[in-house]
Number of protein chains: 2
Amino acid sequence: MKDTREVTIYDIARQLHISPATVSRGLNNHPAVSKKTRQKILEVAQALGYRSNTFASNLRRQHTNTLGVIVPKLNSHFVSSVLAGIEKVANEAGYNLIISQSLESAQKEVANANTMFKSRVDGLIVSLAFDTQDLSHFNPFFKKGIPVIFFDRVEQSLPSSTHIIIDNEKAGYQATEHLIQQGCRHILHITGNLTRNVYADRLKGYQEALKAYGLPFHETDVIVSMLDEKSAWETGRQIANMHPLPDGLFVANDTFAAICMQALKEKGIRVPDDIAIVGFNDDLVSRVVEPPLTTVHYPGQEMGELVARHLINHLQGTVPLTHTHTIIIHSELIVRQSSLRNPQR
Amino acid sequence: MKDTREVTIYDIARQLHISPATVSRGLNNHPAVSKKTRQKILEVAQALGYRSNTFASNLRRQHTNTLGVIVPKLNSHFVSSVLAGIEKVANEAGYNLIISQSLESAQKEVANANTMFKSRVDGLIVSLAFDTQDLSHFNPFFKKGIPVIFFDRVEQSLPSSTHIIIDNEKAGYQATEHLIQQGCRHILHITGNLTRNVYADRLKGYQEALKAYGLPFHETDVIVSMLDEKSAWETGRQIANMHPLPDGLFVANDTFAAICMQALKEKGIRVPDDIAIVGFNDDLVSRVVEPPLTTVHYPGQEMGELVARHLINHLQGTVPLTHTHTIIIHSELIVRQSSLRNPQR
DNA sequence: GTGAAAGCGCTAACAG
DNA sequence: CTGTTAGCGCTTTCAC
């Protein structure tokens, strides 16, 4: 039953009475092969059910035409969009993708990086896990000159690698400013691990905005959380029990914000009247909760396309990666009901 | 700067004055190699920064130790859980994973299958796209004797391949029965492409339940949708404008249900008082909407583990795959406020 | 327990 | 435009 023998270029060559080299060239669209022979080669290949052996090919040429991608979690609108963007560009350029998720664990990220290294990806795209501190698991790549490019969750201390991010400080500023303009005077900021750029920068923006509007900043108004579902419920309930109640919440992701909102509402607290809430990411959930969540949108797909294009350009020698350090993509605040206290118009 | 030369088993062999064959054996824990030499080999390999060349290895042995996974969408709680389960088992058994998403497009699924085939995965795990009809893109696998195993979205007409599913008919029955028991008499069922088992079976369950409770079934009460976000809003608004209003909604996924709920509420319709709603999947969103959504939970992680274990057992020759046709996993209805009309207790 | 040797399938000089 | 040749790095008989 099993059709066990593999068809090779030798089989094609034999059938056409030409050399395997020519077959190889024909299959790879090498210019120095006549249209006629190429045509024939393709036909026979088709007829014989030939499939090229990537391993032999990769073994021979010393690269894999494969890009590695490590993300914290597949399961978010933002990450999905980025991936879609990366895949589009990679596909068009003939690159394959290996995708893995660290599940927000530094340990798993290390394992993933090792796998990627062993898989000999030509380049690596990374968004760091929640608690990744040490970046030495990328050293093998640096040493071998394999380009690594970071997006969103980056470590800017790292020299000589490219980062593609949004202006988290600005986004944090705008979110906070918006809350202030809605009349909030005591705004809590709920965020993640502050060693991570995205959270540290949003916090900076939050602080700046407070300062700009002459509001005091209290350390105790910043809640650092693991940002998982369980903490979200706990934090939400905790806030509901505060006296006096804060009147604004700037939360570093939509899911967390949505759950907080739920927890607050369970305790009879009104959103936005008692507490106005702003989230981050523009996940689907932000549109489904009641009231819809004001949030920061950033263009995942574009970001992914940009990241991939950059990496591929570099791999193809077009652009020296080390010269373009940090690329900042536009983000914007989307105002919905969860923060709107004095409806405009 | 670039450390360009790769370390091979020859380098290790030379350093230890032994043959590459022995090094290979040592690295692969071949029994016929003394503890001492193995120890030394490992040390030198470490010191030299050796990484085995998968391509050479794969080229030589005729398999890849890699499993392919094709899912409709990465972006759902259920799929993430399944993947986690698959990964756990695969990892433990020393298998690598290539994961790709069809994004609910049959066309993309074909492309993915081809890529998997070219990547020479040792086995394939598939959950079908929304609109996949023709399954011929898996023929190359069947022909070559590469095992393909389906889960959740399956095509049971397919002979001689294993399916791992939940009892969708039963789940559909229970969901509908629950709504009836809550006093619903006119229940709409919103679902996906009815050629797909999951949707067809849930519909059957819905019909059975109606019949069992002496309620009439109307074709027009079944709304077939693409189940994307846009349709969800449209459908929700459409339902809101119905006269008379239905009093129950059984929706084939949580996201869609959540959006419908939102759309209904926008029109001033109360959930569950005017319309009770049951979703499907137990996605995070089901817990965050107001009121929380009654839904059907099924154990993704377990399902993933089971699927992977099954496939790997077969690859290792333990179990003949063709003999175990269909495995059914337990699912359960989780009752929350969106459907509770006469609060128990 | 270890070594020699052949070859997995492909590509890239080089030569014509 | 096409053929010859020589490996890429590894595993696996078959010897010893």
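Below, chains carry the letters A, B, ... as their sequence lines are ordered, and counting in each starts from 1.
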Between [X] ([atom1]) and [N] ([atom2]), how many Å, whole number?
| X | N | atom1 | atom2 | result |
| --- | --- | --- | --- | --- |
| A:Asn53 | C:dC10 | CG | C1' | 8 Å |
| B:Ile41 | D:dC10 | CD1 | C1' | 14 Å |
| B:Leu27 | D:dT12 | CG | P | 13 Å |
| A:Asn65 | C:dC10 | CG | C1' | 14 Å |
| A:Ile9 | C:dC10 | CD1 | C1' | 5 Å |
| A:Asn28 | C:dA12 | CG | C1' | 11 Å |
| B:Lys118 | C:dG9 | NZ | P | 18 Å |
| B:Arg61 | D:dT12 | CZ | C1' | 11 Å |

Exercise. Would you say A:Lys40 has more than 12 foreign heavy atoms packed within less than 6.0 Å of its NZ?
Worked result: no
For this session: Answer yes or no: does atom CD of A:Glu92 have more than 12 heavy-atom neighbours from other residues, nucleotides or ligands under 6.0 Å?
Result: yes
Among residues at least two apart in sequence or on other chains, which ones pass salt bridge (Lys or Arg N to Asp or Glu O under 4.0 Å) with [X]?
| X | value |
| --- | --- |
| A:Lys88 | A:Glu305 |
| A:Lys73 | none |
| B:Arg14 | B:Asp11 |

Pair up each side-chain donor or acceptor in residues 145-152 of chain A with any protein partner under 3.5 Å, not counting sequence neighbours, and list the distances.
from	atom 1	to	atom 2	distance (Å)
A:Asp152	OD1	A:Tyr298	OH	3.3

Exercise. Which letter, B, S or -, goes with each nucleotide of nucleotides 1-6 of chain D from 5' to 3', with contact meaning a protein heavy atom under 4.0 Å?
Worked result: SBBB-B
For this session: For A:Ser24, report the nucleic acid contact type (base, sugar-phosphate, nothing); a contact means any heavy atom under 4.0 Å.
Result: base
For this session: Just compare C:dC8, D:dC8, C:dT11 and give me whichever is closest to any side-chain atom of A:Gln62.
Result: D:dC8
Exercise. Which nucleotide, C:dT11, D:dC10, C:dG9, lies nearest any side-chain atom of B:Ser57?
Worked result: D:dC10
Exercise. So does A:Asn58 get a side-chain nitrogen or oxygen closer than 4.0 Å to the phosphate oxygens (OP1/OP2) of D:dC8?
Worked result: no
For this session: Can you sort out the partners of B:Phe141 under ring-ring contact (aromatic ring centres under 6.0 Å, His included), two or more places apart, ordered by chain and number?
Result: B:Phe117
